[in-house]
Amino acid sequence: MDKCKITCETLKAIRKQVADANGIVYTPAKCDFEGVCAGTCPACESEREYIENQLSIKRKAGKIVKIAGLVTSLTALAPLASVAQEMNSPEPTEQISLLSEEYFFTFNGQIRPENEDRIDQLTELISQMPGEVFIIAGHTDSRKSDETYNLKLSQKRAEYIRNLIFSRLEYQGFNIEDFILIPVGLAYFEPNVPNAQTEIEHEQNRRASTFLYKEHSLKGEAACIVNDKVKENFSILEERLGTTKFNEFKKIWKAKVKNERKK
């Protein structure tokens with residue numbers, strides 16, 4: 001299978017896994033596209049919009065979305081497409097779909113067992129992307145109004161996921177110094193369900209999420225917290241990325257900070 005087909009099949013696998021996990025009827029269409037695939041052809045966009053609409057309907061009905069955080073546009077999956085193109089495996093691997101997945105916690109602060117099991121797949125993806133800056137964001141529900149308490153709790157959740165990934169990378173023989181995972185507690189500033197009332201809704205807000213910093217679209221207080229935390233890690237980033245790549249990263253950071261100041 002050539003590289004373009006690997007990319008296409010990988011993106012279809014992403015959509016299929018999300019659909020299957022949430023009981024959405026979906027059969028990937030046969031692709032006859034020739035040339036370099038970026039995953040953004042009309043057929044792919046149509047399938048993505050269909051799945052996102054179905055997920056939206058389920059959320060509004062109060063159902064828990066098992067694989068949340070599906071990227072707004074598959075153009076944001078460009079880094080993943082690059083990974084797929086470079087893979088030596090003759091078939092796509094489904095763990096690539098886990099970049100924007102979320103891991104949910106119980107009320108007493110324990111990660112759900114079925115969520116912890118999937119960390120292995122997320123680790124496999126991250127192991128193929130050294131030099132990328134990942135944000136591990138922790139979130140709480142809003143039932144305890146103490147902002148300081150929730151920031152600390154959400155930070156612990158983010159660090160817990162970060163540590164799980166690092167421990168698995170070390171076990172597999174990777175040098176964790178090659179990977180950049182910044183844990184950030186966002187308290188209740190970026191809820192899946194704003195103004196949550198029911199236990200099911202609160203449950204969707206108690207989570208940790210993983211995303212590439214340069215791709216994130218957080219707004220307001222959540223974006224400011226992430227930007228501040230990233231700045232705290234500038235010395236580590238420069239050491240890990242090297243001066244040239246770090247300067248490129250700072251341009252991204254400055255653009256995000258400037259964008260937030262305009263709001």
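- In this structure, the side chain to side chain contact (heavy atoms under 4.5 Å, CB included) partners of Glu177, at least two apart in sequence or on a different chain, are Asn175, Arg240.
- Criterion: ILVMFWY side-chain heavy atoms under 4.5 Å apart, direct or through other members. Under it, Ile252 and Val184 are part of a common hydrophobic cluster.
- Residue Asp146 holds its CG atom at 8.5 Å from NZ of Lys152, rounded to the nearest 0.5 Å.
- With a 4.5 Å cut-off on side-chain heavy atoms, Ile135 and His216 do not count as touching.
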Show, in sequence, the C-alpha distance, side-chain angles and deciding distance for Arg162 and Phe166, and conclude whether the side-chain contact (heavy atoms from CB on, under 4.5 Å) test is met.
CA-CA 6 Å; Arg162 188 270 313 271; Phe166 275 163; 3.1 Å; yes
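- In this pair, Phe246 and Phe234 present their aromatic rings perpendicular. The plane angle is above 60°, beyond the 30 to 60° band.
- With sequence neighbours excluded, no residue satisfies side chain to side chain contact (heavy atoms under 4.5 Å, CB included) with Thr27.
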Check against side-chain contact (heavy atoms from CB on, under 4.5 Å), Leu212 and Met129:
CA-CA 10 Å; Leu212 287 167; Met129 302 177 71; 4.2 Å; yes
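- Atom CG of Asn163 sits about 10.0 Å away from atom CG of Leu181, to the nearest 0.5 Å.
- In this structure Lys254 satisfies the side chain to side chain contact (heavy atoms under 4.5 Å, CB included) test together with Lys250, sequence neighbours excluded.
- Paired with Phe134 under the rule side chain to side chain contact (heavy atoms under 4.5 Å, CB included), one option of Ile126, Ile180, Ile182 passes, and it is Ile126.
- For Glu232, the salt bridge (charged side-chain N to carboxylate O under 4.0 Å, His left out) partners at least two apart in sequence or on another chain are Lys229.
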Do Glu132 and Tyr213 pass the side-chain contact (heavy atoms from CB on, under 4.5 Å) test, and can you show the C-alpha distance, the side-chain angles, and the key distance before you say yes or no?
CA-CA 8 Å; Glu132 292 287 356; Tyr213 175 76; over 6 Å; no
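- Using a 4.5 Å heavy-atom cutoff, the side chains of Asn227 and Trp253 are in contact.
- Using a 4.5 Å cut-off on side-chain heavy atoms (C-beta onward), Arg157 and Thr140 make contact.
- Between Glu199 and Arg206, at least one side-chain N (NZ, or NE/NH1/NH2) sits under 4.0 Å from a carboxylate O, which counts as a salt bridge.
- By the side-chain hydrogen bond (donor to acceptor under 3.5 Å, both in side chains) test, Gln155 pairs with Glu159, sequence neighbours left out.
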Could you walk me through whether Glu248 and Thr243 pass the side-chain contact (heavy atoms from CB on, under 4.5 Å) check?
CA-CA 9 Å; Glu248 293 175 356; Thr243 302; over 6 Å; no
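- Every side chain to side chain contact (heavy atoms under 4.5 Å, CB included) that Ser127 has, sequence neighbours left out, goes to Glu124, Leu169, Phe174.
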